[in-house]
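A quick note: this is a predicted structure, and the numbers were derived from the prediction, not measured. A note on names: the letters A, B, ... follow the listed sequences, proteins ahead of strands, and every chain is numbered from 1.
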Amino acid sequence: MRQRTLRPAPAPASVAQRRQQLLPNGVLGMLIFVITEAMLFAGMISGFLIVKANAPEWPPLGQPRLPAGETAFNTAALLASGASLFFANRAYKVWPNRARLPLLAALALGAVFVVFQGIEWVALIREGLTLTSSTHGAFFYLIVGTHALHAVAALVALGWSAWLLSQRRLRPGTLQAVSLFWYFVVGVWPILYFQVYLA
Amino acid sequence: MTRLLLALVTLSALLVPGGAEACAVCGPGTEESRIAFIVTTGLMTAMPLLIFAGVAWWLRRRFVEMQHEAERHQSEAAARHSQTS
């Protein structure tokens, strides 16, 4: 009697193999996070607008004026950082090594923004604008501080991405997720700048 | 009867919102404050809807793009197969 050898049946293609992913898990997670953060900033801006509209004078008497001119430079650095990251993403799709320089430029410009914002804060505190000095100070540090916190977190993520790229371990999904976070930080700033510093 | 009463109450509430003075931040009653309240209420209401609509539109577009790409790959593979056989 001929002996039949049993061959294992080919494994059925998994759902992941059969169906291409619409967007990486990291990007989806970051998208949900960014949406919730957008609502957080919308809430803060709404509160700020109502308090400002109710105030007889804004900024209140005896409170320092915000340095809109100096912050315009920071804003330009942040926008340039966003543009640089955009070019890094484009370069990564073609040749990952080419993304290194624009990614580092985005990181450096983002760091410039955070450092100069810190310098501005020190000057404002010396001039008497603190969290408890007025509603103006409270809202300023709450809104701009929350943004700065996001900027620092996104910078850490960008630095991590740059390190992964240098190790040739950066996945497209990771770069996309980190970029989404940085684009949010960059995109929300002009609205905050206009509402808090200019309007 | 209850429905009619409910409709009348709702309608009257909609017609005289100023009389209600239900807004906690509208106390001072300045025009600027009233506009700020209306604008921010509109913003907070519309923003999540717009965001979700935008994300849904973008995902749909991405899905269609991926479908077209898969179809293109399939037709290319079929063409290669017919050339070799």
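If you take CG on A:L31 and CD1 on B:I51, they are separated by 9.5 Å, rounding to the nearest 0.5 Å. Atom CD1 in A:I35 sits 5.0 Å away from atom CZ in B:F52 (nearest 0.5 Å). Considering CD of B:E32 and CH2 of A:W58, their distance stands at 11.5 Å, rounded to 0.5 Å.
In this structure, chain B has heavy atoms under 4.5 Å from both the backbone and the side chain of A:A38. For B:V39, no part sits under 4.5 Å from any heavy atom of chain A, backbone or side chain. For B:L59, the parts lying near chain A are the backbone and the side chain together; criterion is any non-hydrogen pair under 4.5 Å.
No chain of hydrophobic side-chain contacts below 4.5 Å, direct or via other Ile, Leu, Val, Met, Phe, Trp or Tyr residues, connects A:Y193 to A:I191. Placement of B:M66 and B:W57 within a single hydrophobic cluster is found when ILVMFWY residues are connected by side-chain heavy-atom separations under 4.5 Å, directly or transitively. A:V156 and A:V112 are members of different hydrophobic clusters when ILVMFWY side chains are connected at heavy-atom separations under 4.5 Å. Following chains of ILVMFWY side-chain contacts shorter than 4.5 Å, one can reach A:F184 starting from A:I32, so the two form part of one hydrophobic cluster. Hydrophobic clustering of Ile, Leu, Val, Met, Phe, Trp and Tyr side chains at less than 4.5 Å, counting indirect connections, unites A:L49 with A:W189.
Within a 6.0 Å sphere centred on CZ of B:R72, heavy atoms belonging to other residues, nucleotides or ligands number more than 12. Counted within 6.0 Å of CZ on B:R60, heavy atoms from surrounding residues, nucleotides or ligands total 12 or fewer; the atom is thus considered open.
Smallest separation of non-hydrogen atoms from A:A53 and B:S33: CB-CA, 3.8 Å. Between A:S46 and B:L43 the shortest heavy-atom distance is OG-CD2, 3.8 Å.
Put simply, the side chain of A:M39 reaches to within 4.5 Å of the side chain of B:M44, judged on heavy atoms. Side chains of A:L23 and B:W58 form a contact here, defined as non-hydrogen atoms less than 4.5 Å apart.
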